[in-house]
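Residue numbers count from 1 along this sequence.
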Amino acid sequence: MSKTSQQNTTTDVSGVSVIHTQAHSSGLQQVPQLVPVSPGGGGKAVPPSKQGKKNSFVDRNSDEYRQRRERNNMAVKKSRLKSKQKAQDTLQRVNQLKEENERLEAKIKLLTKELSVLKDLFLEHAHNFADNVQPVGTETTTTNPENSGQ
């Protein structure tokens, strides 16, 4: 199965080229693509967010410029404070985890000592128990002198 397709490219006034593709009888599809605005073709493509903005000279003494700078300065301060707070929170969390780790390591040492003591007690008890148990078939009968006359 081979598909036949045709492509026609047109460019509108904003510098966006539209490719019209026709495959079989499905109709035309429009696919917008970014194309450099300069006719030389060597420039960068202009993203849609920047197409409406003009790079005109901004008067640094204008109220609009001052407001924009003030908003930007506030945003920068807010961002820096947020970053500093995040770093402090991270450092605090690190310190908490270090303290918890130290407590847990101390608990491990204590439990290891306790385990060692309990093992020693168990082995001593097992050794004593083994000494008191006699092998089967070598039982000695002892007569109790109090019970012998009755």
Side-chain angles (χ1 to χ4, degrees), residues 1-140:
M1 284 188 222
S2 66
K3 291 186 178 180
T4 58
S5 63
Q6 293 179 327
Q7 288 186 350
N8 296 327
T9 305
T10 59
T11 305
D12 63 5
V13 263
S14 66
V16 175
S17 66
V18 178
I19 298 175
H20 301 281
T21 305
Q22 184 174 8
H24 285 291
S25 60
S26 62
L28 292 177
Q29 272 185 324
Q30 292 186 355
V31 181
Q33 292 182 341
L34 291 177
V35 177
V37 176
S38 63
K44 292 184 178 179
V46 179
S49 62
K50 301 277 183 176
Q51 285 179 353
K53 295 182 181 181
K54 297 178 183 177
N55 286 337
S56 63
F57 177 73
V58 177
D59 183 19
R60 291 181 177 234
N61 296 325
S62 71
D63 288 338
E64 178 189 357
Y65 177 78
R66 286 185 189 146
Q67 288 174 350
R68 285 174 44 202
R69 290 303 315 143
E70 188 175 324
R71 279 197 313 255
N72 181 263
N73 290 342
M74 288 172 50
V76 167
K77 284 180 186 178
K78 184 178 177 182
S79 174
R80 288 178 182 159
L81 282 174
K82 187 176 178 182
S83 175
K84 196 179 281 188
Q85 182 64 42
K86 187 174 181 180
Q88 288 175 347
D89 291 346
T90 302
L91 186 61
Q92 184 179 8
R93 180 74 175 138
V94 166
N95 289 332
Q96 287 174 346
L97 290 173
K98 281 182 180 179
E99 289 175 7
E100 183 181 0
N101 193 33
E102 289 173 4
R103 282 194 306 269
L104 290 172
E105 285 179 357
K107 189 173 184 178
I108 287 171
K109 283 183 181 179
L110 179 69
L111 290 172
T112 303
K113 284 182 182 178
E114 186 178 342
L115 178 65
S116 177
V117 168
L118 290 173
K119 270 186 182 178
D120 291 343
L121 284 174
F122 175 76
L123 292 174
E124 184 180 333
H125 178 71
H127 187 309
N128 288 339
F129 182 73
D131 287 344
N132 290 335
V133 173
Q134 295 178 356
V136 177
T138 59
E139 294 182 24
T140 58

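In this structure, the side chains of Lys113 and Val117 stay at 4.5 Å or more apart for every pair of heavy atoms. By the 4.5 Å heavy-atom criterion applied to side chains, Asp59 and Glu64 are not counted as neighbours. The side-chain heavy atoms of Leu115 and Leu111, taken from C-beta on, include no pair separated by under 4.5 Å. Considering only heavy atoms from C-beta on, His125 stays 4.5 Å or farther from Leu121 through its side chain.
Side chain of Ser83 to backbone of Ser79: no donor-acceptor contact under 3.5 angstrom is found.
The distance from the CD atom of Glu105 to the OG1 atom of Thr112 is 11.0 Å, given to the nearest 0.5 Å. Atom CZ in Arg68 sits 13.0 Å away from atom CG in Asp63 (nearest 0.5 Å). Here the CG atom belonging to Leu97 is positioned 11.0 Å from the CD atom belonging to Gln92, to the nearest 0.5 angstrom. A distance of 7.0 Å separates CD in Glu99 from CD in Glu102, rounded to the nearest 0.5 Å. Taking CG from Leu81 and NZ from Lys86, the interatomic distance works out to 15.0 Å, rounded to the nearest 0.5 Å. Rounded to the nearest 0.5 angstrom, Arg69 CZ and Arg60 CZ are separated by 8.5 Å.
Counted by atom type alone, Gln85 and Asp89 present one or more donor-acceptor pairs between their side chains at under 3.5 Å.
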Could you walk me through whether Glu114 and Leu118 pass side-chain contact (heavy atoms from CB on, under 4.5 Å), step by step?
CA-CA 6 Å; Glu114 186 178 342; Leu118 290 173; 4.1 Å; yes
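The local environment of CD in Gln88 is crowded, with over 12 non-hydrogen atoms from other residues, nucleotides or ligands closer than 6.0 Å.
Among residues two or more places apart in sequence or in another chain, the side-chain contact (heavy atoms from CB on, under 4.5 Å) test is passed with Ser116 by Asp120.
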